[in-house]
Chemist: 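Submitted below is the structure of interest, expressed as structure tokens.
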Amino acid sequence: MPTDLDFSVALGSLRLRNPIVAASGCFGYGVEYADVVDLASLGGIAVKGLFLTEREGHPPPRIVETPSGMLNAIGLQGIGVHRFVREKLPELRARRAVVIVNICGTTLDEYVELARILSDQEGVAALELNISCPNIKEGGITFGCSLTGTHAVVSGVRRVTSLPVIPKLTPNVTDVASFARAAEDAGADAVSLVNTFLAMAIDVDSRRPRLSNIVGGLSGPAIRPIAVRMVYECRQAVKLPVIGMGGIASAADVLEFMIAGAAAVQVGTANFVDPFTWTTLLAGLRDYMTRHGIARLAEVTGTLDTSREEQAWISS
Amino acid sequence: MPTDLDFSVALGSLRLRNPIVAASGCFGYGVEYADVVDLASLGGIAVKGLFLTEREGHPPPRIVETPSGMLNAIGLQGIGVHRFVREKLPELRARRAVVIVNICGTTLDEYVELARILSDQEGVAALELNISCPNIKEGGITFGCSLTGTHAVVSGVRRVTSLPVIPKLTPNVTDVASFARAAEDAGADAVSLVNTFLAMAIDVDSRRPRLSNIVGGLSGPAIRPIAVRMVYECRQAVKLPVIGMGGIASAADVLEFMIAGAAAVQVGTANFVDPFTWTTLLAGLRDYMTRHGIARLAEVTGTLDTSREEQAWISS
Amino acid sequence: MPVDIDAAVMANTRLSDDYNVLALAAPALAAGARPGQFVMIKPSRSTDPLLRRPFSIFQVLRDAGVASGFSILNKRVGTGTGLLYDVEPGARLACLGPLGRPFEPPDTSSEAWMVAGGVGLAPFLTLAEALAARGTKTTLFYGARRESELYFVDEFERLGVTTVLTTEDGSRGIRGLVTGPLDTALRHRRDPEPLSLYVCGPTPMMRAVARLADAHRRPCTVSLEQVMGCGLGGCYSCVVLTRDPGRPPHFVRSCLEGPVFDAGRIVWDALAH
Amino acid sequence: MPVDIDAAVMANTRLSDDYNVLALAAPALAAGARPGQFVMIKPSRSTDPLLRRPFSIFQVLRDAGVASGFSILNKRVGTGTGLLYDVEPGARLACLGPLGRPFEPPDTSSEAWMVAGGVGLAPFLTLAEALAARGTKTTLFYGARRESELYFVDEFERLGVTTVLTTEDGSRGIRGLVTGPLDTALRHRRDPEPLSLYVCGPTPMMRAVARLADAHRRPCTVSLEQVMGCGLGGCYSCVVLTRDPGRPPHFVRSCLEGPVFDAGRIVWDALAH
Ligand SMILES: Cc1cc2nc3c(=O)[nH]c(=O)nc-3n(C[C@H](O)[C@H](O)[C@H](O)COP(=O)(O)OP(=O)(O)OC[C@H]3O[C@@H](n4cnc5c(N)ncnc54)[C@H](O)[C@@H]3O)c2cc1C
Ligand SMILES: Cc1cc2nc3c(=O)[nH]c(=O)nc-3n(C[C@H](O)[C@H](O)[C@H](O)COP(=O)(O)OP(=O)(O)OC[C@H]3O[C@@H](n4cnc5c(N)ncnc54)[C@H](O)[C@@H]3O)c2cc1C
Ligand SMILES: Cc1cc2nc3c(=O)[nH]c(=O)nc-3n(C[C@H](O)[C@H](O)[C@H](O)COP(=O)(O)O)c2cc1C
Ligand SMILES: Cc1cc2nc3c(=O)[nH]c(=O)nc-3n(C[C@H](O)[C@H](O)[C@H](O)COP(=O)(O)O)c2cc1C
Ligand code: FES
Ligand code: FES
């Protein structure tokens with residue numbers, strides 16, 4: 001059994017010790033988990049979406065379970081970037097976490113301002129631009145559902161930061177690859193996808209929505225097959241590294257995304273089910289690499305073999 | 001307990017004895033089930049998608065199970081409209097089934113030709129226009145993903161038939177309501193949604209796709225929350241009756257779609273799990289109507305109560 | 001520090017068609033548990049149901065004095081609790097805990113009144129044990145729909161707890177809601193005698209008790225049952241609107257700052273149900 | 001006509017870490033079953049796993065001569081078969097059947113040779129019973145990886161079936177694949193003696209046997225194991241490419257036209273695995 005397995009992956013200039021990143025909104029600010037897991041052993045932590053200012057978010061109920069998935073409409077409750085920098089970043093730095101800050105604005109200027117503030121901070125590894133949260137009315141997804149909006153936010157942020165810029169794409173569009181292309185054109189270093197699918201659930205006895213926000217975002221294993229397809233499409237459309245996510249809960253799921261084209265992955269909902277998921281994932285990846293004689297995990301990215309399908313001997 | 005419960009629903013001029021319709025592609029041509037269930041007791045049967053000519057479809061593997069869902073890439077294997085009219089329609093007619101014929105063309109002319117042929121047949125209750133199958137390269141979804149394409153197919157068919165015309169919408173678009181509007185403008189009698197979500201699954205050991213067609217359509221309970229949201233959006237955008245589907249497996253699921261705005265529903269994947277699902281659904285609907293003192297099921301449609309959410313006392 | 005244990009089901013005692021007690025082998029988890037804390041349990045290995053469910057630690061089980069596991073008092077209300085009602089001994093369930101802020105014991109001079117409605121009894125057996133150990137005079141006001149749904153009354157009495165029982169149908173104790181005798185008792189209680197209330201049950205009951213406590217100026221602690229996605233502060237699903245000095249009402253995570261709260265902090269009108 | 005029965009698990013006999021026999025109470029289903037037919041079983045009430053799984057009817061169970069249920073020979077290969085390995089007596093499983101085209105018995109003058117690989121044994125016990133009842137001389141060629149994976153040989157012998165066993169490691173019978181002794185036997189068989197082959201097992205094995213049968217001009221029936229979504233002809237997932245006179249190769253549904261096929265109809269190169 002090889003002992004020198006290499007789990008590291010590169011997202012442009014950013015190197016992660018392994019491809020498992022905690023997804024934004026699914027790991028708090030990271031510090032909540034500091035006693036439970038070794039933050040430095042994760043590939044990275046995408047912290048909960050931050051606005052310039054504090055936000056209360058939506059009233060409960062904020063989540064509801066659905067078949068193999070969950071809806072959430074948290075509404076980006078959060079402490080705002082200033083308190084984050086003061087209260088959370090020092091501890092994350094001390095724990096040697098690779099911190100990807102997920103930022104969210106209601107206007108283009110807010111994204112730029114957030115990027116400016118965070119670029120001055122030690123301990124921020126990258127910026128993930130949340131232009132895809134389905135749960136808030138202003139900003140966010142209005143940029144993420146428009147090619148020009150996506151281009152504008154990415155290039156606006158690009159201008160003021162030398163940190164890696166990673167726009168996070170929404171799956172609620174007809175052609176996700178075109179958004180990856182817009183991001184690439186605007187100077188992004190990578191793209192991450194998918195954010196949640198806009199969805200809803202109804203209590204049939206009261207005939208009322210089961211979320212206070214009426215609609216929310218669907219995440220979890222239920223969405224994985226759609227997310228894998230979208231990663232595959234993006235991989236073919238752009239040269240940028242793609243960070244894949246959506247329903248990852250096992251090492252096989254990580255590999256599915258990587259083989260489809262992801263350079264790294266994020267794990268969201270599965271952290272709720274099991275805060276130690278990432279250790280199970282890493283153990284499973286080690287096992288896979290050993291079984292298949294793979295020394296460098298990064299080699300797996302984008303290796304989907306469709307030769308047999310493409311020359312299907314029966315025309316269809 | 002009221003004995004005179006009224007389960008009937010109206011789709012424009014088409015009246016169904018109950019809102020449960022077998023979804024296209026999930027109940028064969030209906031005749032396969034003739035020995036197992038009483039076809040006349042179903043609200044209707046949307047038969048497997050028909051082209052003008054016979055098609056072999058894709059090689060296996062054609063389905064793969066995913067968390068609370070399944071992918072399919074059948075590739076519309078089928079006997080073509082002529083054999084359908086000759087070999088299947090007479091039995092369906094004899095069994096007094098309400099037959100909704102799902103038609104699929106590679107060109108606008110094919111849709112029109114199919115509609116013309118079927119309009120001459122006794123025993124066809126409505127035409128469902130499949131402009132949303134994600135599994136074939138030509139036609140279908142290229143119309144369904146374009147507003148002008150949708151408008152063209154619907155108005156083309158409208159011109160040659162007096163049968164109710166029901167375009168079936170794809171969920172793989174940014175704004176499904178705009179497609180419902182295009183269908184309404186073009187003279188549709190109702191819209192049905194959702195068809196399946198384009199998705200994929202990979203065998204990580206062989207690094208090959210798990211479907212011969214590489215991608216397929218996701219259906220089943222996994223997609224239900226997204227489908228309910230889309231029905232809700234369409235209901236608000238158009239006056240047409242909406243036929244809702246996507247992951248229905250219980251009476252509560254039927255009611256969720258109806259409360260969100262569906263006048264009737266279709267049941268697909270659940271038929272595979274249990275060919276008697278529709279009887280369970282009807283029993284559950286009866287129970288619900290009795291408990292809530294509802295005499296006419298159709299009254300439930302579009303009754304989602306969002307008054308409390310809209311005046312949420314905390315701004316969010 | 002919470003631990004995650006793949007705990008074997010040691011016993012499943014069904015008390016009725018709805019209630020059961022599940023004994024789980026989890027020494028490390030049980031050893032650290034304090035009254036009022038909870039555990040997140042995964043009811044199935046499948047992804048449907050997907051999330052864990054929160055349960056109060058009902059008993060700490062001991063083997064020759066050493067904590068060997070814990071039990072939960074489970075009420076079947078849906079999919080997850082239904083699976084936990086059906087589970088057979090030998091099966092394993094992932095259990096993460098202990099989690100949350102425990103009850104604060106009252107001042108040594110104070111009496112403790114526990115007020116439980118239905119499955120809201122769950123957090124009080126461990127509290128009663130802790131109070132008995134420190135000699136606090138304790139009363140349990142406990143209401144259910146009918147006699148057959150009043151459980152473990154003997155266990156509380158064995159710990160020296162005075163019990164005041166109510167049933168909605170009058171089949172045992174006082175007919176009506178538990179707030180009836182509680183109100184009477186509060187009225188008869190002389191002012192200078194210190195007293196702390198602890199409440200767990202349906203939201204309307206907790207709200208009513210909180211109002212009574214406020215009217216009688218008695219400290220009151222509630223154990224809330226918000227929907228919880230993770231139990232660790234990661235998801236922000238479990239929030240409760242609270243009033244704290246010097247700032248407008250704001251949401252706090254009940255898995256971290258609760259489930260036990262000072263009743264006066266809660267904005268009761270904002271709580272669902 | 002197939003029936004859907006919520007069948008109680010009467011017994012679960014684990015034969016090894018991978019194989020078990022599940023006895024299910026389903027009189028109406030069992031009464032109509034014929035050799036080679038299958039049943040669609042839902043392994044869980046959850047939506048994950050979602051679909052039913054197809055299983056050959058291994059035995060028809062009788063109580064005082066009356067069909068009371070059936071058993072399946074289950075091999076754990078994934079989620080669904082894993083759940084069916086673990087299931088405890090008393091649990092209920094939705095069973096839809098009997099489904100599919102049964103085996104055609106050979107001409108009365110003909111001998112029958114059954115060729116089974118691994119869990120491919122499943123459809124042959126009921127066939128052997130039927131053949132014994134009509135006095136057909138029957139041989140079972142049965143291959144597995146090792147001795148411990150050869151099951152129910154005694155039952156076949158009790159029915160008068162001659163058994164030829166192979167194991168890949170030589171721990172019992174002839175070392176190697178089952179096609180070895182089959183080939184030898186076919187060579188030694190004199191031409192005029194009529195003979196019908198019945199095959200079930202891994203696809204490569206079935207393909208190899210089909211080729212041997214073709215080379216020796218013996219009729220050969222295979223029982224295919226395609227992935228099946230519904231078992232009733234509704235989904236078109238289970239198709240097999242077949243060659244039929246007068247038309248190009250085309251897909252037919254193996255749940256309706258199979259699972260039992262004339263080996264000569266199958267376009268073997270198009271079959272997965
Ligand atoms: C800190 C804490 C401690 C708890 N302790 C116990 C305990 O000791 N024993 C016990 O039986 N239950 C306890 N609960 C409640 C228990 O967690 C829920 O009943 C359970 O999560 C419901 O899961 P389900 O899958 O059965 O219900 P679902 O199928 O998810 O839902 C069924 C119904 O239950 C309702 N429901 C869902 N979650 C809750 C909730 N948190 N509280 C009340 N109703 C809910 C839903 O609104 C729905 O109507 C506790 C909850 C919390 C937050
Ligand atoms: C007509 C028929 C009769 C059968 N009879 C029996 C029987 O008597 N006993 C028995 O143990 N099995 C039998 N099978 C095979 C059995 O249905 C599959 O093993 C089962 O569906 C796998 O389900 P799973 O959830 O365990 O596997 P999954 O978790 O769904 O998949 C796990 C692995 O099993 C493979 N697999 C899935 N379906 C099949 C299949 N149909 N055949 C082979 N491999 C598959 C998958 O490719 C995957 O690699 C029969 C199949 C058919 C079509
Ligand atoms: C409760 C919750 C909160 C989330 N908050 C954020 C957020 O703040 N910013 C963001 O970009 N994505 C957010 N997401 C989306 C996730 O990061 C991720 O994209 C999505 O959940 C899909 O991955 P999963 O299926 O592994 O959860 C949130 C998801 C959930 C479930
Ligand atoms: C195997 C399969 C075949 C299908 N074939 C068709 C088809 O021919 N025409 C069509 O309009 N939709 C087809 N669909 C889509 C269904 O009609 C339905 O829109 C979708 O599956 C969502 O419903 P469900 O979740 O209840 O299955 C097919 C779906 C499946 C699973
Ligand atoms: S339950 Fe997730 S933050 Fe409280
Ligand atoms: S299994 Fe569905 S058609 Fe054969």
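Only a predicted model underlies this, so the values are computations on that prediction, with no experimental measurement involved. Chain identifiers are assigned alphabetically (A, B, ...) following the order of the sequence lines, protein sequences preceding nucleic acid strands; residue numbering begins at 1 within each chain. Atoms considered below: every heavy atom in the structure, side chains included; atoms not considered: hydrogens, waters and symmetry mates.
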Chemist: Under 4.5 Å between any side-chain heavy atoms of B:Leu92 and B:Val47, yes or no?
Modeler: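 In contact.
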
Chemist: Please classify the contact between B:Phe27 and chain D as side chain, backbone, both or neither, with a heavy-atom cut-off of under 4.5 Å.
Modeler: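 Contact with chain D involves the backbone of B:Phe27 alone.
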
Chemist: If I take atom CG from residue D:Leu99 and atom CZ from residue D:Phe38, how far apart are they, to the nearest 0.5 angstrom?
Modeler: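 One gets 4.5 Å once the value is rounded to the nearest 0.5 Å.
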
Chemist: I'd like to verify something: which residue of D:Cys230, D:Gly234, D:Ser237 has the highest number of heavy-atom pairs under 4.5 Å with chain B?
Modeler: D:Gly234

Chemist: Select one option (side chain, backbone, both, neither) describing which atoms of B:Asn271 are under 4.5 Å from chain D's heavy atoms.
Modeler: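 No part of B:Asn271 comes within 4.5 Å of chain D.
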
Chemist: For chain D, which of B:Met70, B:Glu65, B:Gln77 has the most heavy-atom pairs under 4.5 Å?
Modeler: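 Sorted descending by pairs with chain D, the first entry is B:Glu65.
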
Chemist: D:Met40 versus chain B, heavy atoms under 4.5 Å apart: side chain, backbone, both or neither?
Modeler: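 No part of it gets close to chain B.
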
Chemist: Check each atom of D:Leu96 against the heavy atoms of chain B and say whether the ones under 4.5 Å are side chain, backbone, both or neither.
Modeler: side chain

Chemist: Please tell me whether B:Ser192 and B:Glu128 have a donor and an acceptor in their side chains that are separated by less than 3.5 angstrom.
Modeler: yes

Chemist: Which residue is it: D:Val222, D:Leu224, D:Leu241? I am looking for the one with a side-chain contact (heavy atoms from CB on, under 4.5 Å) to D:Leu271.
Modeler: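 Looking at D:Val222, D:Leu224, D:Leu241, the match for D:Leu271 under the side-chain contact (heavy atoms from CB on, under 4.5 Å) is D:Leu224.
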
Chemist: Hey, which of D:Asp48, D:Asp4, D:Leu50, D:Val3 has the most heavy atom pairs under 4.5 Å with chain B?
Modeler: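 Of the candidates given, the most pairs with chain B belong to D:Leu50.
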
Chemist: Any donor-acceptor pair under 3.5 Å linking the side chain of D:Gln226 with the backbone of D:Val239?
Modeler: yes

Chemist: Between the side chains of B:Thr170 and B:Ser132, does any donor sit under 3.5 Å from an acceptor?
Modeler: no

Chemist: Using non-hydrogen atoms only, which part of D:Pro248 is less than 4.5 Å away from chain B: side chain, backbone, both, or neither?
Modeler: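 Contact with chain B: none, neither part.
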
